[in-house]
Protein chains: 2
Amino acid sequence: MSLPHAILTALLEKPSSGLELTRRFDKSIGYFWSATHQQIYRELGKLERAGQIRALPSAQPTRGQKKEYEVLPAGREELTAWVARSEDPKPVRDPLLLRLRAAGVVGSAGLEVELERHLALHQRQLAQYEAIEARDFPPERQSTEQDRLRHLVLRGGIELETFWTKWLTDALTGLRPGT
Amino acid sequence: MSLPHAILTALLEKPSSGLELTRRFDKSIGYFWSATHQQIYRELGKLERAGQIRALPSAQPTRGQKKEYEVLPAGREELTAWVARSEDPKPVRDPLLLRLRAAGVVGSAGLEVELERHLALHQRQLAQYEAIEARDFPPERQSTEQDRLRHLVLRGGIELETFWTKWLTDALTGLRPGT
DNA sequence: AACTGTTTTGCACCTTGTTGCATAATCGCT
DNA sequence: AGCGATTATGCAACAAGGTGCAAAACAGTT
């Protein structure tokens, strides 16, 4: 139940059309909440029907024609409430950990290549995040609360990727010696 | 597409009935792949129809009566292949990071309590994992590959929870000073 | 004006996960 | 034998996410 809130956040940052939203989800927002254009259009429809957003009056209701949305007061209230809402963290659900466990039962043949592939992917992502941090958050210059919050989110991404690279490295060295 | 493989792994470790599987998912397996009894029964049906598992002959096909399953050769082969299969890591999708971003737009009122609650939950989980590690993996005594793999999985859980407690602590101190 | 490609929106369908409830066997108690 | 709690399996309906494809508008080209 987070997609609508992701969309509300994005629209508050800047009113957009469905396609623009899709592109923004592919970039920055997608770093912690991914979504396809299908999900986005569907959700935009729901949010509009719920009176939380509306299409900017300029747009006619025909297909294939750009339609920009903005957030209505009800939508902003909903988002504000959601920020403070009590919601338990979901239990971890990671296929890679599961595969290690499976490897314990049927043998780890071929797993090493896959771990190396993941390691490379995570290292690449980590480098990308660090580049963003160097560009957008140079040391000793965060003033607004929004800046600090955005930086915290990015730090989350960086530390998560750091965790994966470290863990995968450990796994690879732990896997090689014995057979 | 990981649930069937989680079930195959569990059944290879020990043939079980649906309810027993559910209990094992609530405990150890659920630490990295959670599932409800509904999902499990549905998937057991599918796996049986696919010829990857079968009910132990002792059981009659009536409702409400225990039915134990074991893995067939086809199931073991499928699991072996899956361990080495190339499958990209899913992009991160975390509501809490999203909420920080939203807080940057509508203000972080009430967020602190929620972060503290999550911090406490993650600390508790971390302590639990560390207890398991101390009990099951005392230093300098891992011989079999299965032991080493299981330990790696547990280390993954421990380091993930460590990440969360650290990040949440940072977030809380970063949130308090300014408005 | 007809064509081709791109932008933009959207429908239909499928899989996975969740919730609530129904039903059958079993066990202990009296 | 009858009652109630527990064990065990399962159906139905729904919500969320994902894939493939269709279709309308638009823009440029000839």
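Below, chain A is the first sequence line, B the second, and so on; all start at residue 1. In what follows, every heavy atom counts, from backbone to side chain, and hydrogens, waters and symmetry copies are set aside.
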* Asked: Side chain of A:S17: nearest nucleotide among D:dG17, C:dT9, C:dT18?
  -> C:dT9
* After noting the C-alpha distance and the side-chain angles of B:Q128 and B:Y31, does the key distance pass the side chain to side chain donor-acceptor pair (under 3.5 Å) rule? -> CA-CA 11 Å; B:Q128 198 179 335; B:Y31 290 153; 3.0 Å; yes
* Asked: Does a nitrogen or oxygen in the side chain of A:K90 sit under 4.0 Å from OP1 or OP2 of C:dG17?
  -> no
* Give the ring-plane orientation class for B:F137 versus B:H151, where under 30° counts as parallel, over 60° as perpendicular and anything between as tilted. => parallel
* Residues B:S108, A:E145; criterion side chain to side chain donor-acceptor pair (under 3.5 Å); working and verdict -> CA-CA 9 Å; B:S108 58; A:E145 184 178 36; 2.7 Å; yes
* Separation of A:L19 atom CG from D:dA23 atom P, in whole Å? -> 20 Å
* Go through D:dA16, C:dT9, D:dG17 for me and flag the one nearest to the A:K67 side chain. => C:dT9
* How about A:E20 and A:Y69: does a side-chain donor come under 3.5 Å of a side-chain acceptor? -> no
* Residue A:K66, side-chain atoms from C-beta onward, closest of C:dT18, C:dT8, D:dG18 -> C:dT8
* **Check: B:R23 side chain, D:dT7 base, donor-acceptor under 3.5 Å** => no
* Take the protein atom OH of B:Y69 and the nucleotide atom P of D:dT9, then report the distance between them rounded to whole Å. => 8 Å
* Asked: For B:R42 and D:dA12, is the shortest distance between a side-chain N/O and OP1 or OP2 below 4.0 Å?
  -> no
* Asked: What integer distance in Å separates A:I40:CD1 from D:dG18:C1'?
  -> 13 Å
* Asked: Of all the nucleotides listed (C:dG10, D:dG18, D:dT9), which has the minimum atom distance to the side chain of A:Q39?
  -> D:dG18
* Name the residue closer to the 5' end of DNA chain C, choosing between B:T36 and B:K46 according to the nucleotide with the nearest heavy atom. => B:K46
* Phosphate-side-chain proximity, A:Y41 and C:dT9, N/O vs OP1/OP2 below 4.0 Å -> yes
* Which nucleotide in the list C:dT19, D:dC21, D:dG17 gets nearest to the side chain of A:H37? -> D:dC21
